[in-house]
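Reviewing the structure listed below.
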2 protein chains.
Amino acid sequence: MADTTPAEVAELATQLRLACMRVSRRVRFESVDAVAPHQFSVLVRLAEAPRNPRELADIEKVSPPSMTRTVNGLAEQGLVTRAPDPDDGRCVIVSLTPDGREALDETRAARDAWMTSRVAELTPAEQDLLRQATLLLHRVADR
Amino acid sequence: MADTTPAEVAELATQLRLACMRVSRRVRFESVDAVAPHQFSVLVRLAEAPRNPRELADIEKVSPPSMTRTVNGLAEQGLVTRAPDPDDGRCVIVSLTPDGREALDETRAARDAWMTSRVAELTPAEQDLLRQATLLLHRVADR
DNA sequence: TATTGTTATACTCTATAACTATA
DNA sequence: TATAGTTATAGAGTATAACAATA
């Protein structure tokens, strides 16, 4: 395998970026989600572990007041609960409720539905290539 | 190559979707764009061809009043121009200006910068695999 | 004094409804 | 009567600034 030139790497990066963004866009357009995108992101984080609003704001790169509002919305829908932190009276611990887990799963299913139908139309060889590419894309997205 | 089961296809679709959305998210977070996302989308469409606000609204799946506002913002920045349609007095033709083209190119360059740095860290073999995957992803995103 | 979280306030993007002009 | 575009108005998400409670 010959080395690639910088120009070839740049062209690949451009095309790969466009392809990923096109797929993301289609997924968003094709699925009608149970919760709004910014709420969904928070549900994903809370499924990993309960967190403080401050942590959520840092992870999602929004201001603390915005996260307060987002958590309020999710709490009103019964998708998350707030609890005082026994170790630090300033902190609040936000957790996913069973309904929140359900909303998360439903949204993921809706997003997967379109993608699955598209992937199913590819040949087994093409699917296998994408299976390997998926691992690389996850590495690309890691910091 | 053995056929894949429906469950394997679904698993691939899920992981591939997540990978694409993670990459898109990182691209958006890592680059500081010259214009807002919804404005950028419109610039991309106008780079393909001049269009009516109605067409833009349909393509971008927003309401006509929202597109009026978006076009107003772009026009105030000097990135697009409005012109009357000589064939239909009700219609307006929105076109990209040289400044608009420049803003489009700058935004694309900013988005590519991070992606290129990440792709450059892969081996030539891995880059080649992603080059093939890119073509498949574009097919997946096509309707 | 620093940090967590909220409230107050304003700006932006979105939508629906209503209006104007043209076909 | 139907369509393109705009204006009017309201709702939701975001931000900064200011405040309360705790460390």
Side-chain angles (χ1 to χ4, degrees), chain A residues 24-25 28-46 49-95 100 103 107, chain B residues 25 28-46 49-95 103 107:
Chain A
S24 296
R25 189 182 178 82
R28 275 184 287 112
F29 274 32
E30 296 292 334
S31 72
V32 178
D33 295 345
V35 296
H38 68 292
Q39 293 179 318
F40 175 74
S41 294
V42 169
L43 292 184
V44 170
R45 299 304 181 173
L46 293 179
R51 297 180 195 276
N52 302 327
R54 160 66 61 174
E55 291 178 288
L56 291 170
D58 288 344
I59 292 171
E60 295 301 316
K61 291 188 170 60
V62 297
S63 65
S66 292
M67 189 50 67
T68 291
R69 191 187 177 85
T70 298
V71 170
N72 282 346
L74 290 170
E76 281 169 19
Q77 293 176 262
L79 306 182
V80 305
T81 52
R82 264 186 254 253
D85 185 333
D87 300 331
D88 187 336
R90 299 171 304 181
C91 292
V92 168
I93 300 174
V94 185
S95 304
T107 301
Chain B
R25 188 183 179 83
R28 276 184 285 114
F29 274 31
E30 297 292 334
S31 72
V32 179
D33 296 344
V35 298
H38 67 293
Q39 293 179 318
F40 175 74
S41 294
V42 170
L43 292 184
V44 169
R45 298 303 181 175
L46 293 179
R51 296 180 196 277
N52 302 328
R54 160 64 61 173
E55 290 177 289
L56 292 170
D58 288 345
I59 292 171
E60 295 301 316
K61 292 186 168 60
V62 297
S63 65
S66 292
M67 188 50 67
T68 291
R69 189 186 178 86
T70 298
V71 170
N72 281 347
L74 290 170
E76 281 169 20
Q77 292 175 262
L79 306 182
V80 305
T81 52
R82 263 186 255 252
D85 185 331
D87 300 330
D88 188 337
R90 299 171 303 179
C91 291
V92 169
I93 300 173
V94 185
S95 304
T107 300

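Quick note on labels: first sequence line is chain A, next is B, and so on, each numbered from 1.
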In whole angstroms, how far is the [atom2] atom of [N] from the [atom1] atom of [X]?
X	N	atom1	atom2	result
B:R54	C:dA21	CZ	C1'	15 Å
B:Q77	C:dT12	CD	C1'	13 Å
B:H38	C:dA15	NE2	P	11 Å
A:K61	D:dA15	NZ	P	12 Å
B:L74	C:dC13	CG	P	10 Å
B:E76	C:dT12	CD	P	10 Å
B:L56	C:dT14	CG	P	13 Å
B:F29	D:dT14	CZ	P	10 Å

Most 5' of A:D88 and A:N72 on DNA chain C, judged by nearest nucleotide: A:D88
Nearest-nucleotide 5' precedence on DNA chain C, B:M67 against A:C91: A:C91
Can you tell me how far [atom2] of [Y] sits from [atom1] of [X], rounded to the nearest 0.5 angstrom?
X	Y	atom1	atom2	answer
A:R54	A:I59	CZ	CD1	12.0 Å
B:E76	B:L74	CD	CG	9.5 Å
B:L43	B:T107	CG	OG1	7.5 Å

A:R51: which of A:D58, A:V94, A:L46 passes side-chain contact (heavy atoms from CB on, under 4.5 Å): A:L46
Side chain of A:R69 (C-beta onward), nearest among C:dA15, D:dA12, D:dG5: D:dA12
Side chain of A:V92 (C-beta onward), nearest among D:dT6, C:dG5, C:dC13: C:dG5
Presence of B:R82 side-chain N/O under 4.0 Å of D:dT6 phosphate oxygens OP1/OP2: yes
Presence of B:S66 side-chain N/O under 4.0 Å of C:dC13 phosphate oxygens OP1/OP2: no
Which residue lies more 5' along DNA chain D, comparing A:R90 with A:V62 via nearest heavy atoms: A:V62
Most 5' of B:P65 and A:S63 on DNA chain D, judged by nearest nucleotide: B:P65
Validation row: A:S41, B:R25 side chains within 4.5 angstrom (heavy atoms): yes
Sugar-phosphate, base or nothing in reach of B:N52, heavy atoms under 4.0 Å: sugar-phosphate
